[in-house]
Undergrad: 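First the structure, then my questions, so here it is.
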Amino acid sequence: TFKETSSSPQAKMALARHLSAPCPQIALHHHMLNKCVRSLSWDALQSAHLEAAEPLEASFELVVNELPHAVTGPTAPISLLSKKQAKRAIFARLEDGSILDLQQPLYRSCRLQTVAASEWGSVKAHYWHSAAHVLGAALTEYYDGDIALCDGHASKTDGFFYEGLLKPDSWHSAALQQDDFGPINVLAQNLLRQRAAFERVDVPISVAIEHFNHPVRDAFKRHFLRRLEQHGSSTATLYKLGNFIDLCEGPHVPHAGCFANFELFQTSAAQWHWENVESSVPSDLNLQRVHAIAFPDSKHLKQWHARREAAAARSHQVIGQQQRLFFLDARSPGAPFFLPHGTRLFNRLKGMLQAKYRRYGFEEVMTPLVFKAQLWQESGHWDFYQDDMILLNSTSDSAQGEDGSTDQPEQRGLKPMNCPAHCVMFASDARSYRDLPLRLADFTALHRNEASGALTGLTRVSQFHQDDGHVFCTNEQVEDEMSACLQLVDEVYTKLGLVPKAVLSTRPDKFVGDAADWDVAEAKLEASLAASKMAFDINPGDGAFYGPKIDIRVLDALGRLHQTATIQLDFQMPLRFNLKYKDAKGQLQHPVIIHRAVLGSFERMIALLSEHYAGRWPFRLNPRQVLILPIAERHNETARAVKAQLDERYYVDLDDSQVSLSKRIATNRQLSHNIMLVIGDEEVANNTVTLRHRDTKLLSSSNDDADHHALLNADYIPEATYSVSDLVVKLDKLQT
């Protein structure tokens, strides 16, 4: 009856009023009501759709796949395609590289190409962004609308996510359990089978706010709409998929049938830290982030599962436990305990950088861990970064300074970065142009406030160590110093067997300083990158609030992208701290600051390298380089003498336990010593050792990771019998 009598909005509203009367027998009708109200809302939104969001040319030409079309009104690309072309296409690409919906109206002359489903990899972020809407729709249906969705996008690695509050109660989210994955997958796959269409409308923001009217469930959407208003926009774009309506600028695939499969695979925590314009949303929330994957065919899904299995086998947490490198304890969340061998590894990386610092003119310094809020207010971090800091409250009644002044109790914070402290150090003495460039490096611990659910091994921690450095220089020295920083990154990464790729991130929406200064800074960074010959992309709007930056990314052995190093140019902080030096004419000038970290955090780099090397550390990094194995008890004395000869140069272990040689080799294999030295009767008689190498079998087989293969090959010493003195010569070459 509903289907036949409710074709008009008036009939739907009348039925809604009727069904809203309390009656326990009509729960099913209430479920229909939810869908009815959604449909009514979409009807209303369609009636408010803005047909011409931009000026329309009277007549114009569209060239689609090299075929010209004369056009006199707004026309979507799909209307110009043959049925065969439309069936294969998922997006349209303009000449400037931007991606459009196939349904998105065009208003002026342009040339475009269709993007076929087989080319999904070239538009992966948009493809998975569309899949995130399928996830949002499935989550909304699973929780029967009792969900406050925040944001959904393609992930930085594989797949996509949607985050929000599930069954929100006093702004707290329920936890998604493994048992929930199956039913949600079924709901998503229903949309895939139905080939549910993505429908788009552009409406006034006031209409969108009227639609997203629930005080809790729609609070995040209203927040984003208010932000659009603040940035001068008067319209919002909404998409409908099945019964799910979402705020999104798109673009999206034509329908959910563009995905052949769909799987949830993980949940994690996320934090809400926006500066809220929607007053009903608390400023600090823990959200539930739901991760999923989708592909256009089963082949890609099988390959993805294979990569995940390989990644699980290489997990740095597994390797860290097997090789006894580090552990984590709930009594200090996100703060790793580095065991002796893990500390050796940490110090190896640190020593490699310290050697480079001497060549590149950096001076190592140490700065305090705790500062008053005043420092962060002066630097500008307090307004932009306060929620990410671990703050402390002073409990002392007063503290008397050297000058007799008394400080009242005030808030303090563990430092999350070193740049303000280095500015204080620069300002502690009079500076001349002859002192510049002044290059400072700092390894002291940093702390950041991370949600407990977001902490992951060594990759997401609350306490970490960064190879942090700052160059204070003149404007004229910027390009040379930038080039030197890029060269330093390239040298270190080459030693580690990694290939760096740069991303230049430009001015964000929220920034400090003048736009003209930003333009100059961005031009200098781009010039330095061009001169370095390093491959780079541009990431608009992702710079730090105080300056543009170069982020360094690397691919690991499993093809996963990691962000590691960063180089940032800063014209603002010297002004905020009023840093000055005297130029050659005796005039006071502000220096420029270059922020740079080569490895990024040591913790994250150790995690990356553990998985990249699969625990097979190159000799110069390995915290367990040599293992000595006496065959029998009568060989122990010689084995101890050999260990004493090698101990001063290398990390040497001796296993003289009373079990068979083969069992000791098997037991120590996961510890991954580069070299095993076997000592028996013949070796004792000839004052020699027999060398077995960890990588002999690996290097004799084919290997997909050419860079790691080359690194291990450079470390290789042929298996043979050596005198200790000859072996030391060979090992010294590997060590350096």
Undergrad: Kindly say whether the aromatic ring centers of F161 and W128 come within a distance under 6.0 Å.
TA: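 Distance test on ring centres: not under 6.0 Å, no.
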Undergrad: Which pair of non-hydrogen atoms, one from A125 and one from A154, has the smallest distance, and what is that distance?
TA: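 Heavy-atom minimum between the residues: O-CB, 3.5 Å.
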Undergrad: Sorted by first residue and then second, give each salt bridge (charged side-chain N to carboxylate O under 4.0 Å, His left out) pair with at least one member in residues 291-312; sequence neighbours left out.
TA: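 Checked against salt bridge (charged side-chain N to carboxylate O under 4.0 Å, His left out) - neighbours excluded - the pairs reaching residues 291-312 are D158-R307.
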Undergrad: Provide the full list of salt bridge (charged side-chain N to carboxylate O under 4.0 Å, His left out) pairs with a residue in residues 679-689, sequence neighbours left out, each pair given once.
TA: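 Salt bridge (charged side-chain N to carboxylate O under 4.0 Å, His left out) check on residues 679-689 returns R634-D681.
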Undergrad: Validate the cation-pi geometry between R624 and Y651: distance from NZ or CZ to the six-membered ring centre under 6.0 Å, angle to the ring axis within 45°.
TA: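 No; the conditions do not both hold, so R624 does not lie above the ring face of Y651.
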Undergrad: Tell me if the centroids of the rings in H291 and F160 come within less than 6.0 Å of each other.
TA: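 Ring-ring flag for H291/F160: false, centres at least 6.0 Å apart.
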Undergrad: Report all side-chain donor-acceptor pairs from residues 175-182 shorter than 3.5 Å, counting only partners two or more places apart or in another chain.
TA:
residue	atom	partner	partner atom	Å
D180	OD1	Y142	OH	2.7
D180	OD2	Q177	N	2.8

Undergrad: Using the salt bridge (charged side-chain N to carboxylate O under 4.0 Å, His left out) rule, collect all pairs that involve residues 455-465, keeping only residues at least two apart or in two chains.
TA: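 Salt bridge (charged side-chain N to carboxylate O under 4.0 Å, His left out) check on residues 455-465 returns E450-R460.
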Undergrad: Would you call the rings of H422 and H470 parallel, tilted or perpendicular, where under 30° means parallel and over 60° means perpendicular?
TA: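 The arrangement is perpendicular - the two ring planes meet at more than 60°.
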Undergrad: Kindly determine whether S610 and W617 satisfy side-chain contact (heavy atoms from CB on, under 4.5 Å), including the steps that lead there.
TA: CA-CA 8 Å; S610 296; W617 299 97; 3.3 Å; yes
Undergrad: Do R694 and F619 form a cation-pi contact, if we require the NZ or CZ to be under 6.0 Å from the six-membered ring centre and within 45 degrees of the ring's axis?
TA: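 The answer is no, since R694 fails at least one limit relative to F619.
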Undergrad: Scan residues 724-736 for pairs that pass salt bridge (charged side-chain N to carboxylate O under 4.0 Å, His left out), counting only residues two or more places apart or in two chains.
TA: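 Listed by first then second residue: R649-D732.
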Undergrad: I'd like to check the side-chain contact (heavy atoms from CB on, under 4.5 Å) partners of I390; sequence neighbours left out, ordered by chain and number.
TA: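 Partners of I390 under the side-chain contact (heavy atoms from CB on, under 4.5 Å) test: L414, H447, N449.
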